[in-house]
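Beneath this line is the structure, given in structure tokens, with notes to follow.
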Amino acid sequence: MGKQKYYVVWKGKNTGIFDSWDECKKQVQGFMGAEYKSFKSRKLAEEAYNGNYRDYSGKDFREITLTPEQLALIGKPKLDSMSVDAACSGAAGPMEYQGVDTKTKTVFFRQGPFPEGTNNIGEFLALVHGIALLKKWDKADWPIYSDSRTAMKWVRDKKCKTTMVENSRNTDLFVLIRRAEKWLRENEYSNPLLKWETKAWGEIPADFGRK
């Protein structure tokens with residue numbers, strides 16, 4: 001029996017993350033312009049689903065075990081920093097996010113749960129919340145760690161590029177998204193946004209511990 005794969009369907013009869021090729025095939029077979037791809041872990045699939053198909057099409061994404069030499073090259077995280085993370089039940093279920101002191105795990109802020117959201121939206125909002133807080137605290141040299149490359153790109157682009165559609169269940173969340181985008185357009189910051197190297201360092205300190 002092969003290893004478990006997860007199938008992301010961005011465009012199809014139904015979109016989402018499916019646990020088998022048979023279920024995925026039902027969504028894309030006969031659908032003109034279907035967009036889909038398989039991933040080797042649920043975490044990668046969830047991150048991809050909340051991103052764009054063109055960023056993943058034709059590319060190989062996998063979770064890699066690092067060698068001692070690679071670990072040495074990566075080094076250790078900077079402890080004078082903030083770490084952020086989000087937790088979501090399912091692909092678009094209740095979501096919450098937080099930012100903590102990387103060294104002590106002291107919680108700087110925590111928001112939610114929101115009835116409907118995604119991990120990447122939560123990571124995006126957490127990053128902007130963290131940047132604004134560090135700016136207020138005059139800690140322009142503190143990095144902010146996140147384990148979502150997608151959310152970090154959204155922050156750099158100053159736009160939350162989620163595919164989630166606004167509705168009555170997530171209106172409050174979209175208010176926060178628009179506020180965060182406005183803040184990014186109107187403010188400058190110098191805090192480095194850094195990828196938390198989970199394979200080298202373990203779970204990010206802001207992790208909700210629900211894996």
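Just so you know, these numbers come straight off a predicted model, no measurement behind them. Below, all heavy atoms of this structure are taken into account, side chains as well, without hydrogens, waters or symmetry copies.
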**Closest heavy-atom pair and its distance - G130, M82** = CA-SD, 3.5 Å
**Prompt:** Does the pair R42 and D19 meet the rule for a salt bridge (charged side-chain N to carboxylate O under 4.0 Å, His left out), with working shown?
**Reply:** CA-CA 9 Å; R42 180 84 190 188; D19 295 341; 3.5 Å; yes
**Pair D101 + K105: basic N to acidic O under 4.0 Å** = no
**Item:** M95 vs E123 side-chain heavy atoms within contact, under 4.5 Å
**Value:** no
**Asked** Do we see a donor-acceptor contact under 3.5 Å between the side chains of S148 and S146?
**Response** no
**Prompt:** Shortest non-hydrogen contact from E47 to R149?
**Reply:** OE2-N, 3.3 Å
**Request:** Verify side-chain contact (heavy atoms from CB on, under 4.5 Å) between W21 and Y7, making sure each step is shown before the conclusion.
**Result:** CA-CA 7 Å; W21 167 240; Y7 299 84; 3.6 Å; yes
**Asked** With distance as the sole criterion, is a donor-acceptor pair present between the side chains of E46 and N120 under 3.5 Å?
**Response** no
**Request:** Would you check, one step at a time, whether the test salt bridge (charged side-chain N to carboxylate O under 4.0 Å, His left out) holds for K76 with E197?
**Result:** CA-CA 9 Å; K76 296 183 178 181; E197 301 291 349; over 6 Å; no
Result block: side-chain N/O donor-acceptor pairs under 3.5 angstrom for residues 27-35, not counting sequence neighbours:
unit_1, atom_1, unit_2, atom_2, d
Q27, OE1, N14, N, 3.3
Q27, OE1, N14, ND2, 3.0
Q27, NE2, E23, O, 3.2

**Prompt:** Is there a path of hydrophobic side-chain contacts, each under 4.5 Å between heavy atoms of I, L, V, M, F, W or Y residues, that connects M152 with V128?
**Reply:** yes
**Prompt:** Do C160 and I121 touch side chain to side chain, with heavy atoms closer than 4.5 Å?
**Reply:** yes
**Request:** Indicate the atoms forming the closest heavy-atom contact of E203 with W196, along with that distance.
**Result:** C-NE1, 3.6 Å
**Cationic N near anionic O, under 4.0 Å, R110 to E96** = yes
**Donor-acceptor contact below 3.5 Å, side chain N50 vs main chain T150** = no
**Atom NZ of K13: over 12 foreign heavy atoms under 6.0 Å** = yes
**Request:** Assess whether salt bridge (charged side-chain N to carboxylate O under 4.0 Å, His left out) is satisfied between K43 and D147, documenting all intermediate values.
**Result:** CA-CA 10 Å; K43 183 179 179 65; D147 58 13; 3.5 Å; yes
**Asked** Donor-acceptor pair, N187 side chain versus L184 backbone, under 3.5 Å?
**Response** no
**Request:** State whether the number of non-hydrogen atoms from other residues, nucleotides or ligands found under 6.0 Å of Y36 atom OH is greater than 12.
**Result:** no
**N170 (side chain) donor-acceptor with V165 (main chain) under 3.5 angstrom** = yes
**Prompt:** Checking side-chain contact (heavy atoms from CB on, under 4.5 Å) for the pair W137/L134: CA distance, chi angles, key distance, verdict?
**Reply:** CA-CA 5 Å; W137 291 345; L134 292 179; 4.0 Å; yes
**Asked** With the 4.5 Å side-chain cut-off for hydrophobic clustering, are L193 and F108 part of the same group?
**Response** yes
**Message:** Using a strict threshold of under 4.0 Å (side-chain N to carboxylate O), is an ion pair present between E166 and R178?
**Reply:** yes
**Asked** Same hydrophobic cluster for V175 and L173, using side-chain heavy-atom links shorter than 4.5 Å among ILVMFWY?
**Response** no
**Request:** Over all heavy atoms of both residues, which pair between N119 and C88 is shortest? Give the atoms and the distance, please.
**Result:** OD1-N, 3.4 Å
**Item:** Test log, rule side-chain contact (heavy atoms from CB on, under 4.5 Å), inputs L176 and F114
**Value:** CA-CA 11 Å; L176 290 180; F114 300 93; 3.5 Å; yes
**Fill in**
Rounded to the nearest 0.5 Å, the OG1 atom of T171 sits from the CD atom of E116 at a distance of 9.5 Å
**Prompt:** Ignoring hydrogens and geometry, is there a side-chain-to-backbone donor-acceptor pair from K135 to E188 under 3.5 Å?
**Reply:** yes
**Minimal non-hydrogen separation, I177 against F124, with atom names** = O-CE2, 4.5 Å
**Request:** Flag yes if more than 12 heavy atoms outside N167 fall under 6.0 Å of its CG atom; otherwise flag no.
**Result:** yes
**Asked** If only atom types and distance count, is the side chain of S81 paired as donor or acceptor with the main-chain N or O of P77 below 3.5 Å?
**Response** no
**Asked** According to the interplanar angle, ranging from 0 to 90°, do the rings of F39 and W10 count as parallel (below 30°), tilted (30 to 60°) or perpendicular (above 60°)?
**Response** perpendicular
**Item:** Check: K159 main-chain N/O paired with D157 side-chain donor or acceptor under 3.5 Å
**Value:** no
**Item:** Path from V9 to L44 over hydrophobic side-chain contacts below 4.5 Å
**Value:** no
**Prompt:** Can you get from I204 to V100 by hopping between Ile, Leu, Val, Met, Phe, Trp and Tyr side chains that sit under 4.5 Å apart?
**Reply:** no
**Prompt:** Where does the angle between the aromatic ring planes of Y97 and H129 fall among parallel (under 30°), tilted (30 to 60°) and perpendicular (over 60°)?
**Reply:** perpendicular
**Request:** Please confirm whether the backbone N or O of A206 pairs with a side-chain atom of Q98, one donor and one acceptor, at under 3.5 Å?
**Result:** yes
**Message:** With side-chain contact (heavy atoms from CB on, under 4.5 Å) as the criterion, how do W142 and T102 come out once you've worked through the C-alpha distance, each side chain's angles and the decisive distance to 0.1 Å?
**Reply:** CA-CA 10 Å; W142 270 36; T102 302; over 6 Å; no
